[in-house]
> 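Please read through the structure below; I'll follow up with questions.
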Amino acid sequence: MSLSFGVKSSLTFATVLCCSVAMGAQARDTLPPKFKVDGQTLIYDTEEPEENTGKDGARAEIWEITEDDIELFRDILAANPAIDRLQLNSGGGSVYAGETIAEIVLEHGLDTWVVGECISACVDIFLAGEGRQMTLGSQIGFHQRDWAPKAVQGYYRRWRKDEDWATPFEFGSWIYRDTQAEVFLHLDYMLDRGVDPEFAIETLKTPPHDIWFPTRLRLIAAGVLREGG
């Protein structure tokens with residue numbers, strides 16, 4: 001199950017970025033607002049500045065973890081091989097993007113560091129770090145994954161012929177099986193990253209509309225926060 005789909009990466013923009021970041025210090029001015037290179041640290045901050053929030057308080061998709069960010073991560077790290085730490089501040093976004101970016105973090109052996117908050121899909125990225133820390137006052141939040149009704153409808157319409165779903169009920173049966181497989185894979189990932197099994201299971205209790213913020217001591221005891229090496 002993909003909780004975010006149909007978002008096309010901007011290949012042209014990624015190509016331009018790849019060429020730009022290779023210029024070194026000057027490239028820092030060319031990065032999208034979510035990204036910043038500070039010495040050996042790549043800063044990934046998806047929290048929208050207050051002045052850019054709409055009158056209704058809605059957040060633009062660009063200020064979330066999106067699939068467009070995947071290639072940007074690869075390009076920036078390829079152009080800046082000295083980067084060894086990823087600084088995070090994010091309320092979440094696309095589950096698929098979070099999982100894929102986590103794979104990139106693992107490939108590069110980066111440490112991760114929360115400065116602000118790291119919630120939902122951001123946690124997958126954070127757990128990919130070799131060393132995992134957060135500053136005093138920062139928070140790491142967990143909740144159940146969700147799939148918005150409109151997204152479910154769009155997925156069904158897009159894939160029903162390829163998957164041979166004759167009715168929405170067959171699609172519903174597939175969702176049931178696929179969800180169980182996804183939960184298993186996510187728990188398996190957390191355990192592989194050294195998270196205590198009991199704690200990993202507990203992260204499934206909080207409904208999607210709420211957030212569980214464990215204490216720093218609990219995060220340390222559960223293996224979420226850890227020194228590198």
> Anything under 30° is parallel, anything over 60° is perpendicular, the rest tilted; go ahead and classify Trp174 against Phe171.
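Rings of Trp174 and Phe171: parallel, as their planes differ by under 30°.
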> With a 4.5 Å heavy-atom cut-off, do Ile65 and Tyr44 have their side chains touching?
yes
> One thing to verify: whether Glu202 and Arg218 come together as a salt bridge, which I'm taking to mean a side-chain N less than 4.0 angstrom from a carboxylate O.
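The answer is yes: the pair qualifies as a salt bridge.
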> List the steps and the verdict of side-chain contact (heavy atoms from CB on, under 4.5 Å) for Ile70 and Ile104.
CA-CA 8 Å; Ile70 296 171; Ile104 297 172; 4.1 Å; yes
> Distance-only, no hydrogens or angles: does the Ser94 side chain make a donor-acceptor pair with backbone N or O of Thr66 under 3.5 Å?
no
> Does any non-hydrogen side-chain atom of Glu64 lie less than 4.5 Å from one of Thr46?
no
> Decide yes or no for Asn89 and Val115: does some side-chain heavy atom of the first lie under 4.5 Å from some side-chain heavy atom of the second?
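They are not in contact (no side-chain heavy atoms under 4.5 Å apart), so the answer is no.
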> Got Thr203 and Trp212 here, is their nearest side-chain heavy-atom distance under 4.5 Å?
yes
> Would you check if the side chain of Arg85 reaches a backbone N or O of Thr112 as a donor-acceptor pair within less than 3.5 Å?
no
> Is the backbone N or O of Glu130 less than 3.5 Å from a side-chain atom of Arg226, with the two atoms forming a donor-acceptor pair by type?
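Yes; at least one donor-acceptor contact below 3.5 Å.
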> Cluster partners of Phe184, using ILVMFWY side-chain heavy atoms under 4.5 angstrom, listed by chain and number?
Leu185
> Sequence neighbours left out, cut at 3.5 Å: what donor-acceptor pairs do the side chains of residues 187-200 make with other protein atoms?
| residue | atom | partner | partner atom | Å |
| --- | --- | --- | --- | --- |
| Tyr189 | OH | Asp124 | O | 2.7 |
| Tyr189 | OH | Ala128 | N | 3.3 |
| Arg193 | NE | Leu127 | O | 2.7 |
| Arg193 | NH2 | Ala128 | O | 3.2 |
| Arg193 | NH2 | Gly129 | O | 3.0 |
| Asp196 | OD2 | Glu198 | N | 3.2 |
| Asp196 | OD2 | Phe199 | N | 3.1 |

> Could you check if a side-chain atom of Ile140 sits within less than 4.5 angstrom of a side-chain atom of Ile119, using non-hydrogen atoms only?
no
> Measure the spacing between CG of Asp111 and CD of Gln133 and express it to the nearest 0.5 Å.
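Reported to 0.5 Å precision, the distance equals 8.5 Å.
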> From Gln180 CD over to Arg177 CZ, what is the distance, rounded to the nearest 0.5 angstrom?
9.5 Å
> Hey, does the side chain of Gln139 reach the backbone of Glu117 with a donor-acceptor pair shorter than 3.5 angstrom?
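Judged by distance alone, no pair lies under 3.5 Å.
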> Regarding Gln40 and Asp84, do their side chains bring together a donor and an acceptor under 3.5 Å, going by distance alone?
yes
> Should Ile220 and Thr215 be marked as a side-chain contact (heavy atoms from CB on, under 4.5 Å) after you check the CA-CA gap, both sets of side-chain angles, and the distance that decides it?
CA-CA 9 Å; Ile220 294 172; Thr215 65; over 6 Å; no
> Test side-chain contact (heavy atoms from CB on, under 4.5 Å) on Phe73 and Leu42; report intermediate values, then the result.
CA-CA 9 Å; Phe73 256 97; Leu42 172 58; 3.7 Å; yes
> Whether the side chain of Arg158 engages the backbone of Gln153 through a donor-acceptor N/O pair (distance < 3.5 Å, no angle test) should be reported.
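No, because the side chain of Arg158 does not come within donor-acceptor range (under 3.5 Å) of the backbone of Gln153.
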> If you measure from OG on Ser90 to CZ on Phe126, what distance do you get to the nearest 0.5 Å?
13.0 Å
> Give, for atom CD of Gln87 and atom CG of Leu110, the distance between the pair rounded to the nearest 0.5 Å.
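So the CD of Gln87 and the CG of Leu110 are separated by 13.0 Å.
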> Are the side chain of Arg216 and the backbone N or O of Ser138 linked by a donor-acceptor pair below 3.5 Å?
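Here the side-chain-to-backbone pair does not exist.
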> Can you measure from CG (Leu86) to CG (Leu88) and round to the nearest 0.5 angstrom?
4.0 Å
> What I'd like to find out is whether the side chain of Lys205 reaches to under 4.5 Å of the side chain of Gln144, using heavy atoms alone.
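Contact flag for Lys205/Gln144 side chains = no.
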> Check for me, please, whether Val123 and Trp113 land in the same ILVMFWY cluster - side-chain distances under 4.5 Å, paths through other members count.
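No, separate clusters.
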> So if you build clusters from Ile, Leu, Val, Met, Phe, Trp, Tyr with side-chain heavy-atom gaps below 4.5 Å, do Leu72 and Ile43 land together?
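Looking at the clustering, Ile43 is in a separate group from Leu72.
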> Quick one: CD1 on Ile83 to CD1 on Ile76, what's the gap to the nearest 0.5 Å?
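Going from the CD1 atom of Ile83 to the CD1 atom of Ile76 covers 7.0 Å.
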> What I want to find out is whether Lys34 reaches Asp69 closely enough, with some N-O distance under 4.0 Å, to be called a salt bridge.
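The answer is yes: the pair qualifies as a salt bridge.
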> Check the pair Phe142, Leu204 against side-chain contact (heavy atoms from CB on, under 4.5 Å), reporting the backbone distance first and the verdict last.
CA-CA 8 Å; Phe142 304 83; Leu204 301 176; over 6 Å; no
> With a 3.5 Å distance limit and no angle check, can you tell me whether His143 reaches the backbone of Asp210 through a side-chain donor-acceptor pair?
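Here the side-chain-to-backbone pair exists.
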